[in-house]
Number of protein chains: 2
Amino acid sequence: MHPDGEKRSSRRSTRSVTLAEVAEHAGVSPQTVSRAIRQPGVVSEDTLERVQASIRSTGYVPNLAASNLASNRSRTIAVLIPAVSASVFAETVQGLETVLAPHGYHLFIGTTEYSLQQEEEMLRAFLGRRPDGIVLVGTEHTPGAQTLLSAARVPVVESWELTQHPVDSVVGFSNYAAMSALVEHVHSLGYRFPVLAGQFSGGDVRALRRRAAFEDGMRRLFPQVPVRILDSGTAGVSMDAGRDLFRQARTELPQADVIMFSSDVFAAGALLEALRSGTSVPTEIGITGFGGFDVGRHLVPTLTTMLVPSRRIGEEAGRVLLERIESGQKPSSSTIVDVGHTLVAGESTAQQ
Amino acid sequence: MHPDGEKRSSRRSTRSVTLAEVAEHAGVSPQTVSRAIRQPGVVSEDTLERVQASIRSTGYVPNLAASNLASNRSRTIAVLIPAVSASVFAETVQGLETVLAPHGYHLFIGTTEYSLQQEEEMLRAFLGRRPDGIVLVGTEHTPGAQTLLSAARVPVVESWELTQHPVDSVVGFSNYAAMSALVEHVHSLGYRFPVLAGQFSGGDVRALRRRAAFEDGMRRLFPQVPVRILDSGTAGVSMDAGRDLFRQARTELPQADVIMFSSDVFAAGALLEALRSGTSVPTEIGITGFGGFDVGRHLVPTLTTMLVPSRRIGEEAGRVLLERIESGQKPSSSTIVDVGHTLVAGESTAQQ
DNA sequence: TTGAAAGCGCTAACAC
DNA sequence: GTGTTAGCGCTTTCAA
């Protein structure tokens with residue numbers, strides 16, 4: 001049937017259809033098939049139809065690794081997040097995908113478990129895929145990672161924090177400003193002894209920023225009050241840990257009239273622990289969270305918290321990437337997008 | 001310095017270091033560098049050190065696209081899930097990553113939004129990356145997807161459901177059996193009029209299995225009782241929708257003494273709606289969930305539910321893939337892993 | 001509008 | 001243990 005069908009090399013271990021085979025089938029050159037796929041407008045209607053028919057009948061699926069190698073574009077975005085299952089980051093990933101998938105970009109997801117060292121390692125591994133863009137959480141990275149990022153020569157978007165000097169671009173909000181606003185809110189409600197509870201030794205840099213904001217806010221607005229912070233250690237961010245923190249705060253710091261948690265997950269656990277133990281919120285003690293865990297809105301009482309637009313962070317990051325990739329990715333000016341934060345005054349705090 | 005440094009083609013648009021450059025730097029052949037990286041044991045210690053030094057000083061990062069093309073292995077796994085932000089699937093992804101990342105496999109994540117049509121499209125797009133394995137949620141796929149899957153000639157793991165005739169392998173549990181067990185539990189508690197509430201028109205095939213189990217269970221155990229089902233339509237799986245379903249059930253089906261929700265998210269919303277509206281659970285009405293949303297454990301009352309090991313599904317799927325990939329992926333026998341399900345008798349139901 | 005030639009950066013196969 | 005040769009399947013460049 002096909003005269004030179006046997007000249008196939010023995011190296012080919014897959015039996016997948018190649019561009020050349022489609023070309024042969026359609027009676028055109030490989031080049032024409034390639035064009036028919038990528039720039040259908042530039043091929044004559046006649047040829048186009050013939051090629052498309054051949055693609056269908058052969059079941060051709062383009063090999064993107066070959067395309068990548070030849071064109072030096074992978075249509076791939078590397079995404080490094082602390083954890084997939086931490087819900088808030090999952091929202092960001094969803095936002096990224098929503099924006100990028102329609103443009104043919106696929107997402108490589110890697111998790112760093114809040115470790116900068118692991119971030120560097122994953123980054124190194126991912127760079128081998130030659131991604132067209134990189135999304136990171138946070139603005140702090142190891143020196144090694146910094147070097148890798150500049151050497152990669154692709155758009156980089158840092159997220160979930162803000163800085164005046166991003167590696168390239170940054171999409172996020174100021175954890176410091178957000179927490180400051182929350183402290184001010186608590187102050188304006190007339191609370192007299194706020195304490196902070198959360199996880200500050202697990203490597204989460206953004207939690208440390210919030211803690212700094214708490215400390216500064218205390219010194220500024222509650223100068224007479226000692227700054228008290230409860231650290232859950234490395235137990236992880238869970239509702240269980242939140243319940244423990246709540247009990248600990250009630251026992252060790254009975255003077256406190258409001259407990260500010262570094263995360264909504266902790267706060268939700270605390271609120272339910274209060275409910276279970278018969279502690280009335282906000283009458284006996286006030287509770288605030290941080291982050292916008294959906295459950296907070298539904299709890300009884302509803303949770304006072306700082307809402308973070310996690311999904312929008314992903315969407316904006318996707319847009320910034322697209323723009324920089326399409327525009328020939330000049331690393332001239334860095335884009336800084338502040339997605340802001342929203343105070344939600346729930347029922348878990350009240351005017352004193 | 002380097003005699004033939006100028007023979008570089010103009011096509012090279014990246015300035016990234018290549019294997020050949022490392023080889024030149026180290027004074028060995030490219031092949032030796034390749035071996036030093038992939039099979040360090042087979043290279044002499046002397047050479048190995050020299051090569052490693054060159055890699056470091058040049059900042060070489062292997063181009064995996066080229067490697068993929070030459071070796072016909074991408075060290076890539078395609079993962080298609082209904083949604084990233086639906087938490088349960090995020091756990092599965094985390095499980096996959098935990099098992100696969102240490103072996104050098106990276107994950108491509110795509111979301112289908114519970115649409116089989118979109119699953120097929122994403123699958124087609126992902127196959128261009130020539131993944132070494134594919135993970136899908138569910139055992140139902142479009143005919144087109146089925147064709148693509150067999151043509152791909154790589155291990156495929158379906159998940160979150162069980163079937164005797166998987167495309168290749170399957171890791172999951174029987175949604176039907178799990179829901180049946182829950183109906184039996186409710187029956188054994190002495191409830192007289194269970195109703196089912198959830199979303200059954202959003203394309204979630206597994207929810208339909210659970211509904212079928214409910215219907216069959218009702219006919220078997222509650223033959224006198226009409227089978228009543230509340231469908232939230234296409235509102236999406238949210239706590240808000242759960243609250244609506246709860247109110248609707250109380251109004252339209254006052255005879256019901258237990259509401260069985262198709263998902264823990266709905267049930268959690270319902271439980272909090274009950275709390276807010278002063279309806280006592282389980283005294284006035286019983287509530288059950290499905291899935292193992294972590295919040296259920298902490299609610300007051302705690303939620304009666306069917307726990308699904310979502311993370312373990314990912315881990316097992318990862319193991320099955322690894323085994324099949326390493327073993328030369330003979331599609332001879334299909335592996336079927338039942339991860340089971342666990343009934344959690346919470347406080348939201350009680351002996352009648 | 002189409003085709004021919006060359007090469008992207010790596011690895012398989014085979015020699016030495 | 002190391003090097004040479006010949007591709008993997010595609011796109012770029014240039015010519016027709």
Side-chain angles (χ1 to χ4, degrees), chain A residues 4 7-51 55 58 60-75 127-130 132, chain B residues 4 7-51 55 58 60-76 104 127-130 132:
Chain A
D4 52 5
K7 76 175 174 200
R8 249 188 193 193
S9 143
S10 60
R11 283 201 48 193
R12 273 187 101 239
S13 42
T14 49
R15 288 240 137 282
S16 31
V17 183
T18 69
L19 194 72
E21 288 166 344
V22 176
E24 196 181 337
H25 185 107
V28 296
S29 79
Q31 192 43 242
T32 301
V33 177
S34 176
R35 274 193 282 258
I37 292 170
R38 292 175 303 129
Q39 332 170 39
V42 94
V43 167
S44 82
E45 208 160 307
D46 210 56
T47 318
L48 185 60
E49 266 172 42
R50 220 140 29 89
V51 170
I55 288 177
T58 54
Y60 173 63
V61 178
N63 184 329
L64 265 33
S67 161
N68 181 359
L69 189 58
S71 69
N72 222 7
R73 305 191 67 211
S74 64
R75 294 209 161 260
L127 284 179
R129 309 270 175 201
R130 298 293 187 271
D132 292 340
Chain B
D4 52 7
K7 79 177 176 200
R8 249 192 192 187
S9 138
S10 60
R11 281 200 51 194
R12 275 185 99 239
S13 43
T14 50
R15 286 241 138 282
S16 33
V17 183
T18 68
L19 195 71
E21 288 166 343
V22 175
E24 196 182 334
H25 184 108
V28 297
S29 79
Q31 190 48 241
T32 301
V33 177
S34 176
R35 274 193 282 257
I37 292 170
R38 290 175 304 129
Q39 334 171 40
V42 94
V43 168
S44 83
E45 208 160 306
D46 210 56
T47 318
L48 185 59
E49 267 172 43
R50 225 145 21 96
V51 169
I55 288 177
T58 54
Y60 173 62
V61 178
N63 184 328
L64 266 34
S67 163
N68 180 358
L69 189 58
S71 70
N72 220 11
R73 307 190 65 209
S74 65
R75 295 208 160 261
T76 271
L127 284 178
R129 310 268 176 202
R130 298 293 189 268
D132 292 339

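Note that the structure is predicted; figures quoted are calculated from it, not measured. Computed over heavy atoms, backbone and side chain alike; hydrogens, waters and symmetry mates excluded.
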In whole angstrom, what separates [X]'s [atom1] from [N]'s [atom2]?
X	N	atom1	atom2	result
A:Asn63	C:dC8	CG	C1'	13 Å
A:Asn68	D:dT12	CG	P	12 Å
B:Leu69	D:dG7	CG	P	14 Å
A:Arg129	C:dC8	CZ	P	22 Å
A:Ile37	D:dG9	CD1	C1'	12 Å
A:Arg130	D:dT11	CZ	P	19 Å
A:Asp46	C:dT1	CG	C1'	12 Å
B:Arg75	C:dT11	CZ	C1'	13 Å

Rounded to the nearest 0.5 Å, how far does OG of A:Ser74 lie from CG of B:Asn63? 9.5 Å
Rounding to 0.5 Å, atoms CZ (B:Arg75) and CG (B:Asn68) come to a distance of 11.0 Å
Quick one: side chains of residues 35-43 of chain A, donor-acceptor pairs under 3.5 Å with protein atoms, not counting sequence neighbours, listed by atom name and distance.
| unit_1 | atom_1 | unit_2 | atom_2 | d |
| --- | --- | --- | --- | --- |
| A:Arg38 | NE | A:Ser34 | OG | 3.3 |
| A:Arg38 | NH2 | A:Ser34 | OG | 2.9 |

Would you please confirm or rule out a distance under 4.0 Å between OP1 or OP2 of D:dT12 and any side-chain N or O of A:Arg38?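 Yes, because at least one side-chain N or O of A:Arg38 sits under 4.0 Å from OP1 or OP2 of D:dT12.
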Toward the 5' end of DNA chain D, by each residue's nearest nucleotide, A:Pro62 or B:Gly41: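 Looking at DNA chain D, the more 5' nearest nucleotide goes with B:Gly41.
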Looking only at heavy atoms, which two atoms of [X] and [Y] are closest? And how far apart?
X	Y	answer
B:Val17	A:Arg130	O-NH2, 4.3 Å
A:Ala66	B:Leu69	CB-CD1, 3.7 Å
B:Val22	B:Val51	CG1-O, 4.4 Å

Between N or O atoms, less than 3.5 Å apart, protein on one side and nucleotides 2-5 of chain D on the other: list the pairs.
| unit_1 | atom_1 | unit_2 | atom_2 | d |
| --- | --- | --- | --- | --- |
| D:dT2 | OP1 | B:Ser44 | OG | 3.1 |
| D:dT2 | OP1 | B:Thr47 | OG1 | 2.5 |
| D:dT2 | OP2 | B:Ser44 | N | 2.9 |
| D:dT2 | OP2 | B:Thr47 | OG1 | 3.4 |
| D:dG3 | OP2 | B:Ser29 | N | 3.0 |
| D:dG3 | OP2 | B:Ser29 | OG | 3.1 |
| D:dG3 | OP2 | B:Thr32 | OG1 | 2.5 |
| D:dG3 | N7 | B:Arg35 | NH2 | 2.7 |
| D:dG3 | O6 | B:Arg35 | NH1 | 3.3 |

